[in-house]
There are 2 protein chains.
Amino acid sequence: MTPSARRASVSTCAVAVDVALLTLRDDRLQLLLVEPDPPELRGRWALPGRRVRDDEGLDDTAHRALAELGGIRAPDAHLEQLRTYGDPSRDPRGRVVSVAYLALTPTTDDPSAGRHARFWDVADLGTPGGPRFAYDHDRIVPDALERARSKLEYTSLATAFVAEPFTLAELRRVYEAVWGVALDPANFRRKVMSARGFIVPADGYAKPGPGGGRPARRYRRGAATRLHPAMLRPD
Amino acid sequence: MTPSARRASVSTCAVAVDVALLTLRDDRLQLLLVEPDPPELRGRWALPGRRVRDDEGLDDTAHRALAELGGIRAPDAHLEQLRTYGDPSRDPRGRVVSVAYLALTPTTDDPSAGRHARFWDVADLGTPGGPRFAYDHDRIVPDALERARSKLEYTSLATAFVAEPFTLAELRRVYEAVWGVALDPANFRRKVMSARGFIVPADGYAKPGPGGGRPARRYRRGAATRLHPAMLRPD
DNA sequence: TCAATAGTGTCTTTTAGACATTATATG
DNA sequence: CATATAATGTCTAAAAGACACTATTGA
């Protein structure tokens, strides 16, 4: 298939895509994991991943992995490459180069793939109550979390976690869940508003919760991708 | 070779590594490019790239590409993954998934690979005086530049461009060359000093230039990787 | 001596964080 | 009415930027 297989030491690799899908559910940051097929991995959990097909773009493989393994259909989800993991011994079944993706969606329903896919609280990862990972996915997941936490600072990525239109309180809860901190609502508002093009006003107001409260203004995503000034994490 | 080739549509890909090596030469940001082998690409320039060998890590392939194609031996160069380019039609010779790397080194000699490798001024890229790119490398290079410019803000990456020990003026010229702006030396000093763990004093002083001037204090890289507070670009 | 570069000090503007105050809803 | 949440205002401290000033060299 490839014309330049002149050297015995240069051949081809299996190429796969693994997706770390993060979402906010009940104000907690959650990660989608699936039970892998191989019987020797019973009890472990993995990122949804698929082999790349011929003539299939990497982004397409990522969407297919989410749909086929997680039952998540999210054509409008934010999807960005994270990193490629190519250690020769990372998969015991043979050399697999895996392109890892970070995916973000607004809150969705439970995955429709039954018992073999579920969301896990990110706060539980690495604790006795959390999942045991398959393959080297315990290395990919921290990279995905750090990417999300970091990009919340200097990009408009946080809006990928909320459905439009959204309120400032919803956006603030994204930052609080991803960073794991509490933020002052007043100062948060001022910083978001001063970041030019981050959000733009939408029509109408959100209904207050059951306990009452002033109705919140609604907003939509603005045109900016990088934030000026940035929304820096507290120390 | 791979045990799970059950579906005809899932096969293996050629996997390659392409490296964007940036360095500072004569206070200008420069990029290493090589002339590709295929005769139909005469007159075009490419990032040094190599196919990944069996049992070779991706980082190893990156170093090998720099050494074999550019004549650059830089085992201590900063090397980080940039992004993986896997569009099915990106290489006319067949499907090649390419893992792109960003490499940074202190100023080095001219590449020893003769006429087939040279440094180009980044400022000349995309101008009539600049190179024409082969493959999709005109998409990779802007990503590499933006990564470098962005990471100078919130990481200690700038120190990868200078050899130890270095002066604050040398470090400042890194920022000026990569960002393409002039920076106030006094304010630059204050920001670098307040970024905890960015640099640490070294022994001795640097000799002034031919025109004289007060000898500059020498520094080494500190332990920090992320900068607090960050070195933000001027608007 | 002067020119050049390193390093310090000062002033103003901007931004961040703490927190009080006002506005508008539910019950 | 009390309570809850949104939105605004105020004060202080920290940081950014402009720029004057001092220190130490080469010529």
Side-chain angles (χ1 to χ4, degrees), chain A residues 27 152-154 162 165-176 179 181-220 224 226-235, chain B residues 27 152-154 158 162 165-177 179 181-220 224 226-235:
Chain A
D27 288 345
L152 248 56
E153 293 191 282
Y154 56 94
V162 291
F166 51 85
T167 67
L168 283 176
E170 290 167 343
L171 190 62
R172 177 168 46 83
R173 281 190 281 268
V174 171
Y175 278 90
E176 292 179 326
W179 286 347
V181 298
L183 299 176
D184 181 283
N187 295 332
F188 180 81
R189 158 183 305 275
R190 196 158 29 78
K191 288 171 78 166
V192 168
M193 292 310 207
S194 71
R196 301 173 284 275
F198 189 6
I199 59 174
V200 294
D203 288 337
Y205 293 83
K207 288 251 175 291
R214 177 172 168 175
R217 192 73 211 256
R218 286 185 162 137
Y219 296 89
R220 297 185 180 278
R226 287 186 67 87
L227 299 185
H228 296 287
M231 305 274 302
L232 298 178
R233 272 181 271 196
D235 307 281
Chain B
D27 288 343
L152 248 56
E153 293 191 283
Y154 56 95
V162 291
F166 51 85
T167 67
L168 283 177
E170 289 167 344
L171 190 61
R172 176 168 48 84
R173 282 191 280 268
V174 170
Y175 279 89
E176 292 179 325
W179 286 347
V181 298
L183 299 176
D184 181 282
N187 295 331
F188 179 82
R189 158 184 305 275
R190 196 158 29 78
K191 288 172 76 166
V192 169
M193 292 309 208
S194 71
R196 300 173 285 275
F198 189 6
I199 60 173
V200 295
D203 288 337
Y205 293 84
K207 288 252 177 292
R214 177 172 169 176
R217 191 74 210 255
R218 286 184 162 136
Y219 296 89
R220 296 186 180 279
R226 288 185 68 87
L227 299 185
H228 297 286
M231 306 274 302
L232 299 178
R233 271 180 272 194
D235 308 280

Would you check if the side chain of Tyr175(B) reaches a backbone N or O of Ala158(B) as a donor-acceptor pair within less than 3.5 Å?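 Looks like no, no N/O pair under 3.5 Å.
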
Mark yes or no for whether Glu153(B), through its side chain, and Ala230(B), through its backbone, hold a donor-acceptor pair below 3.5 Å.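 Answer holds: no.
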
If you take any heavy atom closer than 4.0 Å to DNA chain C, which residues from residues 167-174 of chain B end up in contact? Ala169(B), Arg172(B)

Roughly how many Å is it from [atom1] in [X] to [atom2] in [N], rounded to a whole number?
X: Arg217(B); N: dT25(D); atom1: CZ; atom2: C1'; value: 17 Å
X: Glu176(B); N: dT5(C); atom1: CD; atom2: P; value: 12 Å
X: Lys207(A); N: dT24(C); atom1: NZ; atom2: P; value: 16 Å
X: Arg218(B); N: dG7(C); atom1: CZ; atom2: P; value: 12 Å

For the atom pair CG (Leu183(A)) and CZ (Arg173(A)), what is the distance rounded to the nearest 0.5 Å?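 Between Leu183(A) CG and Arg173(A) CZ, I get 12.0 Å after rounding to 0.5 Å.
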
Less than 4.5 Å apart, side chain to side chain, heavy atoms only: is that true for Tyr219(A) and Glu170(A)? no

Quick one: which residue pairs count as a salt bridge (charged side-chain N to carboxylate O under 4.0 Å, His left out) with a foot in residues 202-212 of chain B, not counting sequence neighbours? none

Under the 6.0 Å and 45° cation-pi test, does Arg220(A) pair with Phe166(A)?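 Pair Arg220(A)/Phe166(A) does not count as cation-pi.
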
Check for me whether Arg218(A) meets the cation-pi criterion with Tyr205(A), that is, NZ or CZ under 6.0 Å from the six-membered ring centre and within 45 degrees of the ring axis. no

Between the protein and nucleotides 12-14 of chain D, are there any N/O to N/O pairs under 3.5 Å, and if so, what are the atom names and distances?
none

Pairs: protein N or O with nucleotides 14-19 of chain C N or O, under 3.5 Å:
{"residue": "dG17(C)", "atom": "OP2", "partner": "Lys191(A)", "partner atom": "NZ", "Å": "3.3"}
{"residue": "dG17(C)", "atom": "N7", "partner": "Asn187(A)", "partner atom": "OD1", "Å": "3.3"}
{"residue": "dG17(C)", "atom": "N7", "partner": "Arg190(A)", "partner atom": "NH2", "Å": "2.9"}
{"residue": "dA18(C)", "atom": "N7", "partner": "Asn187(A)", "partner atom": "OD1", "Å": "3.4"}
{"residue": "dA18(C)", "atom": "N7", "partner": "Asn187(A)", "partner atom": "ND2", "Å": "2.9"}
{"residue": "dA18(C)", "atom": "N6", "partner": "Asn187(A)", "partner atom": "OD1", "Å": "3.2"}

Touch class at under 4.0 angstrom, heavy-atom based, for Pro210(A) against every strand present: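 Since only primed, P, OP1 and OP2 atoms lie under 4.0 Å of Pro210(A), the category is sugar-phosphate.
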
Nearest heavy atoms of Val162(A) and Val174(A), plus distance in Å: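 Closest pair (atom of Val162(A), atom of Val174(A), distance): CG1-CG2, 3.6 Å.
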
Pick out the pairs of N or O atoms, protein on one side and nucleotides 21-23 of chain D on the other, that lie under 3.5 Å.
{"residue": "dA23(D)", "atom": "O4'", "partner": "Arg214(B)", "partner atom": "NH1", "Å": "3.1"}

Check: residues 185-202 of chain A side-chain donor-acceptor pairs under 3.5 Å, at least two apart:
{"residue": "Asn187(A)", "atom": "OD1", "partner": "Arg190(A)", "partner atom": "NH2", "Å": "2.7"}
{"residue": "Ser194(A)", "atom": "OG", "partner": "Arg190(A)", "partner atom": "O", "Å": "3.4"}
{"residue": "Ser194(A)", "atom": "OG", "partner": "Lys191(A)", "partner atom": "O", "Å": "3.0"}

